[in-house]
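What follows is a short report on a single structure.
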Amino acid sequence: QVQLVESVGDSVQAVWSLRLSCTASVYGHSWKCMGWFRQASGKAREGVALIYNRPSDRTLINKDYTDSVKGRFTISRARAQKTVTLQMTSLNPDDTGMYYCAIKSYYPCTWNHDDYNYWGRGTQVTVAT
């Protein structure tokens, strides 16, 4: 059974930066999509960033971002370390929420969180004005 463990979140001030990491207990060769989702209080879970090898050319890596974080967040992964990282800059209060890493074992890599097989327990990020 795969376990995903996110790094501890933090409470930060607006415009600060924060880095989240997620480490898997084992490496899965069948994994296709790795990503970060978040859920603000009282709101639905939303996709934040995805990283995956392009299905048409597995040598190429795609990184998708939801519009609200484009230019501010960067997703990366290190297969050997079984980690996926989310570097967040210029944080604002709208970025507050519980952040989850997730893995999906089949294409396509979408924002539909119901399709993801494995989830971390989440880590809280709070951004104050």
**OP:** With side-chain contact (heavy atoms from CB on, under 4.5 Å) as the test, would you mind laying out the steps for T85 and R19 before giving the verdict?
**Re:** CA-CA 7 Å; T85 300; R19 180 184 177 98; 3.6 Å; yes
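Using a 4.5 Å heavy-atom cutoff, the side chains of Y52 and Y107 are in contact. Side-chain contact between W36 and L20 is present, with at least one heavy-atom pair separated by less than 4.5 Å. When side chains are defined from C-beta on, W16 does not count as touching T89, because their heavy atoms never get closer than 4.5 Å. With a 4.5 Å cut-off on side-chain heavy atoms, L4 and V2 count as touching. A 4.5 Å side-chain heavy-atom check between V15 and L91 finds every atom pair outside the cut-off.
Summarising the geometry of M34 relative to I75, their closest heavy-atom pair is O-CD1, 4.0 Å, with the distance given to 0.1 Å. Of all heavy-atom pairs between L50 and Y116, the closest is CD2-OH, 3.2 Å. Minimum interatomic distance between P93 and T129 (heavy atoms only, all atoms of both residues): CG-CG2, 3.3 Å. When all heavy atoms of L86 and A49 are compared, the pair lying nearest together is CD1-CB, 4.0 Å.
One N or O on the side chain of E6 and one on the backbone of R121 form a donor-acceptor pair closer than 3.5 Å. Looking at T123, its side chain does come within 3.5 Å of a backbone N or O of G9 through a donor-acceptor pair.
Y100 and R38 form no side-chain donor-acceptor contact under 3.5 Å, judged by distance and modelled atom types alone. Of the N and O atoms on the side chains of Y106 and N117, not one donor lies less than 3.5 Å from an acceptor on the other residue. If you check the side chains of T110 and N112, you find no donor sitting under 3.5 Å from an acceptor. Side chain to side chain, N62 and R54 meet the donor-acceptor criterion of an N or O pair below 3.5 Å.
The OG atom of S105 lies 7.0 Å from the NZ atom of K32; values are rounded to the nearest 0.5 Å. Atom OH in Y118 sits 11.5 Å away from atom CD in Q3 (nearest 0.5 Å). Atom-to-atom distance recorded for Q124:CD and S41:OG is 9.0 Å, nearest 0.5 angstrom. The line from CG of D57 to CG of N53 is 9.0 Å long, rounded to the nearest 0.5 Å. For the atom pair CD1 (I51) and CD1 (I61), the distance works out to 5.5 Å, reported to the nearest 0.5 Å. Rounding to the nearest 0.5 angstrom, the gap separating the OG atom in S17 from the CZ atom in R72 is 10.0 Å.
Partners of F73 under the ring pair (Phe, Tyr, Trp, His ring centres under 6.0 Å) rule, at least two apart in sequence or in another chain, do not exist in this structure. Listed by chain and number, the residues in a salt bridge (Lys or Arg N to Asp or Glu O under 4.0 Å) with K104 are D115 (sequence neighbours excluded).
Between W111 and F37, the ring planes are perpendicular. Angles over 60° get that label, and only those under 30° would be called parallel.
In this structure, R45 is positioned above the aromatic face of W119, its NZ or CZ under 6.0 Å from the six-membered ring centre and within 45° of the axis.
Note: the hydrophobic cluster containing I103 also contains V26 (ILVMFWY, side chain heavy atoms under 4.5 Å, direct or indirect links).
Around the CD atom of E46, the shell of radius 6.0 Å holds more than 12 heavy atoms that belong to other residues, nucleotides or ligands.
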